Amino acid sequence: MLWFMLEALIFDVDGTLADTERDGHRPAFNAAFVELGLGWHWDEALYGELLAVTGGKERIRFFCERHAPEFLNQADAAARIRELHAAKTRHYVALCAQGIPLRPGIERLLREAHAAGLRLAIATTTTPENVNALLAPDLLALFEKVGAGDTVPNKKPAPDIYQWVLAQLALPASACLAIEDSANGLKASRAAGLATVITRTGYTNDHDFFGALALLPDLAQVTVPLLRHWHDEAYGSDKIM
Ligand code: XBP
Ligand code: MG
């Protein structure tokens with residue numbers, strides 16, 4: 001099997017770059033429900049269940065199917081979901097403007113990796129707007145490609161967004177590593193052939209991470225040489241990933 005040096009890191013966003021499900025998305029959904037007078041409230045336990053479905057619009061529909069079927073009986077239900085999601089995104093962007101902290105080690109590792117000549121990309125289910133809102137311009141500029149949201153028809157756990165990013169980078173999966181936080185993210189990255197480092201969050205602590213290259217609380221202790229070592233272990237000439 002042809003063996004490639006590590007050339008690129010592909011980062012998930014929500015739960016990986018920052019704990020945005022806790023600090024951004026859940027409060028933003030709840031603020032949108034109040035704004036549109038829906039009387040819904042997603043507490044942490046319910047939100048943890050709803051995270052089984054990626055994509056905010058898809059998650060709203062998943063909630064309605066179980067807890068508010070009447071919402072889907074409206075003739076223009078799809079349009080109402082889009083309207084609700086747009087309101088949620090406005091609230092999320094406003095929360096980002098107040099500052100959502102990056103997870104431990106993220107800023108350092110991004111700068112270290114870029115300085116070491118590694119190419120950086122994003123593969124996320126959230127919207128491009130939310131990526132731009134979360135990251136400071138100088139950090140966002142470190143990413144060569146951003147695969148986000150509805151760029152692809154099938155969201156995680158489908159591999160589409162990772163396959164799109166690999167095509168944009170014109171790299172084989174074996175020249176890259178993915179960094180993720182959830183079981184859906186790991187399924188997506190592994191289905192795209194990517195060795196994957198997992199950093200758990202409060203919402204994903206009990207997820208099944210079978211097949212992960214490494215399972216960590218965060219990236220605080222992770223360096224570029226360590227990532228290169230893990231990559232070579234995963235794709236070394238004597239192993240078939
Ligand atoms: C996590 C998601 C996203 C967010 C909500 O994305 O599933 O849908 O929960 O964001 P990631 P939107 O792949 O970065 O972990 O409402 O913009 O979809
Ligand atoms: Mg994630």
Side-chain angles (χ1 to χ4, degrees), residues 9-33 36 40 42 44 46-64 81-96 100 102-103 106 121-135 140 143 145-165 178-192 194 196-205 207-209 212 215-216 218-219:
L9 301 177
I10 307 174
F11 285 83
D12 165 53
V13 174
D14 294 307
T16 299
L17 294 184
D19 204 336
T20 47
E21 299 298 356
R22 180 194 66 194
D23 300 338
H25 292 300
R26 187 177 76 88
F29 277 112
N30 286 327
F33 301 155
L36 274 72
W40 304 342
W42 292 355
E44 288 192 17
L46 173 57
Y47 194 64
E49 291 167 23
L50 297 176
L51 280 172
V53 172
T54 64
K57 294 188 290 293
E58 295 81 356
R59 188 167 304 137
I60 293 167
R61 180 174 291 274
F62 180 64
F63 165 78
C64 289
I81 288 176
R82 282 195 300 274
E83 176 197 2
L84 177 52
H85 190 248
K88 175 263 174 180
T89 299
R90 284 195 299 278
H91 287 286
Y92 180 84
V93 169
L95 285 169
C96 285
I100 292 183
L102 298 181
R103 293 193 68 191
I106 287 290
I122 278 175
T124 178
T125 310
T126 192
T127 59
E129 196 176 1
N130 287 350
V131 177
N132 296 339
L134 176 69
L135 296 175
L140 188 61
F143 291 97
K145 297 293 178 188
V146 175
D150 296 328
T151 304
V152 291
N154 308 305
K155 292 186 166 79
K156 300 173 185 177
D160 300 37
I161 197 68
Y162 278 105
Q163 291 166 335
W164 183 89
V165 169
I179 296 95
E180 270 281 356
D181 74 298
S182 68
N184 276 333
L186 179 62
K187 285 191 189 98
S189 59
R190 293 297 297 128
L194 285 155
T196 303
V197 172
I198 291 290
T199 53
R200 290 179 156 132
T201 71
Y203 280 120
T204 66
N205 236 343
H207 282 198
D208 174 5
F209 290 119
L215 199 43
L216 306 168
D218 57 46
L219 293 177

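Whatever order the structure lists them in is the order used to number ligands and atoms, beginning at 1. Predicted, not measured: the structure shown is a model, and the values here were computed from it. Just so you know, residue 1 is the first one in the sequence shown, and it goes up from there.
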Are [X] and ligand 1 in contact, using a heavy-atom cut-off of under 4.0 Å?
{"X": "R59", "answer": "yes"}
{"X": "G55", "answer": "yes"}
{"X": "K88", "answer": "yes"}

Proximity to ligand 1 by part of [X], non-hydrogen separation under 4.0 Å:
{"X": "D14", "result": "both"}
{"X": "K155", "result": "neither"}
{"X": "H85", "result": "side chain"}
{"X": "T127", "result": "both"}
{"X": "E21", "result": "side chain"}

| field | Partner set under ring pair (Phe, Tyr, Trp, His ring centres under 6.0 Å) for Y162, not counting sequence neighbours | value | none
| request: Say whether, by atom type as modelled, one donor and one acceptor occur between the side chain of T196 and the main chain of L194 under 3.5 angstrom. | output: yes
Within the 4.5 Å heavy-atom criterion, are [X] and [Y] side-chain neighbours or not?
{"X": "T201", "Y": "R22", "answer": "no"}
{"X": "N184", "Y": "K187", "answer": "yes"}
{"X": "L102", "Y": "L135", "answer": "yes"}

Looking only at N, O or S atoms, find the one in [X] nearest to the Mg ion (ligand 2) and name it.
{"X": "D181", "answer": "OD1"}
{"X": "D14", "answer": "O"}
{"X": "D12", "answer": "OD2"}

| atom 10 (O) of ligand 1: the protein heavy-atom neighbour that sits closest, reported with distance to 0.1 Å | T126 OG1, 3.1 Å
| field | Protein contact of atom 18 (O) of ligand 1 - nearest heavy atom, named by residue and atom, plus distance | value | G56 N, 2.7 Å
| query | Salt-bridged, K156 to D12, with N to O below 4.0 Å? | reply | yes
Output the distance between atom [atom1] ([X]) and atom [atom2] ([Y]), rounded to the nearest 0.5 Å.
{"X": "R26", "Y": "T20", "atom1": "CZ", "atom2": "OG1", "value": "13.0 Å"}
{"X": "N130", "Y": "T89", "atom1": "CG", "atom2": "OG1", "value": "5.0 Å"}
{"X": "L84", "Y": "L36", "atom1": "CG", "atom2": "CG", "value": "5.5 Å"}
{"X": "L219", "Y": "F11", "atom1": "CG", "atom2": "CZ", "value": "6.5 Å"}

[X]-ligand 1 polar pair, N/O distance under 3.5 Å:
{"X": "T124", "answer": "yes"}
{"X": "A123", "answer": "no"}
{"X": "D12", "answer": "yes"}

Please identify which atoms of ligand 1 are closer than 4.0 Å to at least one heavy atom of [X].
{"X": "N130", "result": "17 (O)"}
{"X": "V13", "result": "14 (O)"}
{"X": "T54", "result": "7 (O)"}

| query | Are the ring centres of F33 and W42 closer than 6.0 Å? | reply | yes
| request: Could you label the plane-to-plane angle of the Y203 and Y47 rings as parallel, tilted or perpendicular, counting under 30° as parallel and over 60° as perpendicular? | output: perpendicular
